[in-house]
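Structure, as structure tokens:
Letters go in sequence order (proteins before strands), and every chain restarts at 1. All figures in this text were calculated on a predicted structure; none of them were measured in a lab.
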Amino acid sequence: MKKPVFVLLLVVALTWWVSNLCPLTATAAEKVLLKGAVTDNSGKAVEGAKIFLYNGPDVRRPADFISVSTDKDGKFHVVLPVGKFWAVARLKKSEEYGPLMPGDKHSGEPREIEVVPGRELEMDFTVKDLKDAVSLRKGTREGFVQIKGRVLDKNGMPVPMAYAIAHRSEKVEGLPDYLSSWTDADGSYTLFLPPGKYYLGYALTFPPAQDYGPGKAVFIDTDKTDMDIVISAVSSQ
Amino acid sequence: MPQGISLTILPGTVIKISPSDSTKTDPEYLSSLTEITVRGTLRAEGKGEAPITFILDKGGPGDWAGIIVDGGAVILNSCEIQGAEAGLYVREGSATLLNSLLMKNRYGVVLEGRNALVRIENTKVKENDYGVLLMRGATIDITDSSVFGNRKKDVHSSKETDVMLPLRVLKEVEKKEKNRIYADAVLRGNTVWQGRIAVQGRIRVPEDSRLVIMPGTVVEFRKKDTNQDGIGENGLMIQGVIIAKGTGENPIIFRSAESQKRIGDWDAINIMNSDGVQNIIEYCQVEDAYRGLHFHFSNVAVRASVLRNNYRAVQFQESMVDIAGTHIYENNSGMQARDSAISMTDNFIFNNYSGVNLFRDRVVLRGNKIVNNYREGLRIREGVSDIQENLIDMNRYGLMVSDSLYGSFSRNVISRNIESGISLKGTDNMEISGNYIFGNGFNGMNIQDSRAVIRGNHIAENGQRGIGIISFNGTISDNNISANGLYAIDLEGSMDVSAPMNWWGTAPLSEALYDKNDEPERGRVDHRMQRQGPILFPWPLKTIITDTTWEGNISIQDKVHVLAGATLELKPDTRILFSPGTGLRINGRIRALGRKDARIIFTSSEKKEVSGWDEILLEYAMDSVFSNCDFEYATWGIHSHFTNLIVKACRFRNNYGGLRFRSGPVEIVQSVFEENHIGIRAYRGNALIKRNSIARNDIGIFVREKGGGLNIRENNLFSNTGYNIRVGDFNYENVDAANNFWGDSPPLDSIFDEKTEPGIGMVIYEPYALKPFVLDTPSFMSGKESEQEGVMGN
């Protein structure tokens, strides 16, 4: 009697061990397909990106699973065991693993995925150049546009300590409707305006005195970066 | 406890602290954590059998700030303080600690500067990370006490460093009569302020209205403190647009109207929901406010302004802010921002309690000088950052980055911060490249739970570790990590670290690295392909405003200007490689002290020919010294004006000119001038030129004008193809050049003076030596020595 009891106990113990202490072994056989697509900010398919999957929320370490690279349609797939994962999409210019470098793209905060047996998963990612995210054109009030340029003299040299003015009418009586900060050594200015027709000019003193120039009439309806203003009467030479 | 308020704590009291870490800390507080701040008086009157306890109700060390003395007085008797960032932190004021216990804090006691007066008696300071931290020359009076058994160090003291910073002050041009006095008011339409404005209430500029402030206007705010919290309430509330457009000659001043002006006398220039047209604050000085500038949902440019003596100089959220050329100094908090798009260029952020604190922002920082802030220089949490060519110097903590998804930190100088240079915690996709991380008190870099590429940095002379790592994924390559106090890399965590192709300095690698080889549970630092010499480091900053040390191989790609008040020191064995057209301009001081066996070399990076680079120009660079230095391929090796200068044991070769000077006094001794067009050029100079070898130049010494102040003695002055000494057409004074060796020909053969051209001065060359002097001059460098490069070995 002793031997069958021992065998029975052994079987019970092994069953308990397999089901409780070794769940990975038990579920490793269960494989699930995760698939999806990677696009950029404009919705265009991104080729060559990979999905990095981690078994914890810390994604600042080597990944536990990595998908194949996305194809020309931005499609990817990866087979995962059952469990919980945190996923990010990355597009690297180089073949090396590790942190991203300027020009590489990333999908941002990791997304949580619960992989359960027998259910195929689909998840799409959007990647963007993180350095682009630093660009500072944050939305101002809806409907305002930003124009940039330089104040130059007739020789094309930058004029510091001038400012750009945008006025609804050609003649400025008193103060202009819109004005920039003083130009620096490279003559740069920035103006924020509601779209419309303006006389885009300059002034050299504040408030504008005789030395201001009303400029030409322009219609501004979008952001512009090349709106140089030339002062005909001043030379930095 | 504000000024004038006392709090007494009775025996047996238990103070339970709830931890917090706020991103919305009000400016009058000094920490983002829960704190007890004393500007009045705190008396804790515990007794042996009934002590007073300050203890966290949950959490661990560092989860509350501690007791902070900020101008007040604290007497703690029989107290126990635990779980704090600093059990007792004295910034200014006095503290007496009797019969007490400070334990399980990050720091037991911290003192900041000479205005922190602390006496400790019969007290134990133990089981903290650091027992006592003395900063900026602070001292402490400890009697019958024990500071022992603290984890990292019992007592650490940072030296006091003199710092002369260019603090800008905008001045009222002329005293003006009051133009207008405002009580509470609403300014509708277009309002123009000029002259002198008195504000005795709250001014509101509603939506679609504009307040324009003319150059030269002075706006003064009377203090109104209805809730008696010590903080004034009068101020501006801009919901429309503000244009405050001063000029350098006629700045706009915002300040307290009180005769005894104090920090916090008035509220702020508040700009709210003004995110269309850009609000402009230019050439303005804002002082004595609670928050100098305070924006929500706004678009603001701050240019060429001064913000000083405010509780917080600038605070904003959900805004687009462009700050340039502005000086922010001597505020409790320099800047705090969140959820904003920020551009900061060429600003000076000096001497604040905390410097710049950013949360969840998109940030571009270029060319800022963040110096001598008493807590952090620059702190970034979350958000994305592009931080380049800034100076972060002499703060308590230099650059702290946490929980950020992306950051590029390139070409910054992060030096002499009291604790760490750079801290990365919980960060991903960090690029740390081309930074000069030098002379920080504890570690050059701390890394925890971060992914980064760390490349091309010079990480040297930090007090303890070049890089301290708890957990890191990425690569550390092509850096100089040398001469740090304890280790180049101290790897505490169990993950291996990839660190190929670095220069580890001259110490054995087994001493420079602390990893699995030292403790088996640690990871391994993979240091394959270590370099045999330092990498060439491109110097990133155009101006040097605080004391700076150069070492290793440095390339200069743009002219570098050392401002008055700063000293540039070059260590022995340093090589400076100049790009064409570049050089140094020294208005402060330069001390280039090489050794015979470790000379300092100034040479061209590209053209190995005359004028391959420009010159080292000294203007009023008092007490400058060059010794055991080599100058080659320059237009002029040294060009000195009005500077008392010593040049000793130096070599000048293949330059257009070796050394030219005006005024002085200049001392040129034991040096070699060879194969230049002109060895030495003097113009109205006052100099001792003694025991040098001046040979094989076109002209040995050219005396342009007023050569009567020269004393030329015991030199070997020979074989110069044109003249050994040529006197200029406008020199009418005699030149004293007796007791030199002139070669084998008669001295007059190689002198151009009055005898050649009547009317110009004469060279007094007699008596003269018939044999060359045996000089203690350096011999010339070999080509090999000059061409030394960092190369890789196996």
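- No side-chain heavy atom of Asp275(B) sits less than 4.5 Å from a side-chain heavy atom of Phe144(A).
- The candidate with the highest count of non-hydrogen atom pairs below 4.5 Å against chain A, out of Ile243(B), Val277(B), Asp361(B), is Val277(B).
- Using a 4.5 Å cut-off between heavy atoms, Gln278(B) touches chain A through backbone and side chain atoms alike.
- Contact annotation for Tyr283(B): only side-chain heavy atoms (C-beta onward) come within less than 4.5 Å of a heavy atom of chain A.
- Distance CG/Asn299(B) to CD/Gln146(A): 8.0 Å, rounded to 0.5 Å.
- The part of Met430(B) that comes within reach of chain A is its backbone (N, CA, C, O), which places non-hydrogen atoms under 4.5 angstrom from that chain.
- Within the 4.5 angstrom heavy-atom criterion, atoms from both the backbone and the side chain of Val453(B) approach chain A.
- Within a 6.0 Å radius of NE2 in His77(A), other residues, nucleotides and ligands contribute 12 heavy atoms or fewer.
- Heavy-atom distances place both the backbone and the side chain of Leu179(A) under 4.5 Å from chain B.
- The candidate with the highest count of non-hydrogen atom pairs below 4.5 Å against chain A, out of Gly426(B), Gly407(B), Gly246(B), is Gly426(B).
- For Thr427(B), the part lying near chain A is the backbone, with the side chain staying farther off; criterion is any non-hydrogen pair under 4.5 Å.
- The two residues Trp182(A) and Arg303(B) make their nearest non-hydrogen contact at O-NH1, 3.9 Å.
- Looking at Ser180(A), the atoms closer than 4.5 Å to chain B (heavy atoms on both sides) all sit in the backbone: N, CA, C or O.
- From Asp104(A), atom CG reaches atom CD of Glu431(B) across 10.0 Å, with rounding to the nearest 0.5 Å.
- Taking Leu193(A), Leu175(A), Thr205(A) one by one and counting their heavy-atom pairs under 4.5 Å with chain B, the maximum is reached by Leu175(A).
- Open room surrounds CZ on Arg188(B); 12 or fewer heavy atoms of other groups in view lie less than 6.0 Å from it.
- For Val241(B), no part lies near chain A; criterion is any non-hydrogen pair under 4.5 Å.
- A donor-acceptor pair under 3.5 Å is formed between the side chain of Arg210(B) and the backbone N or O of Asp177(A).
- Looking only at side-chain heavy atoms (C-beta outward), Phe206(A) and Glu282(B) stay at 4.5 Å or farther from each other.
- Closest heavy-atom contact between Arg61(A) and Arg451(B): N-CD, 3.2 Å.
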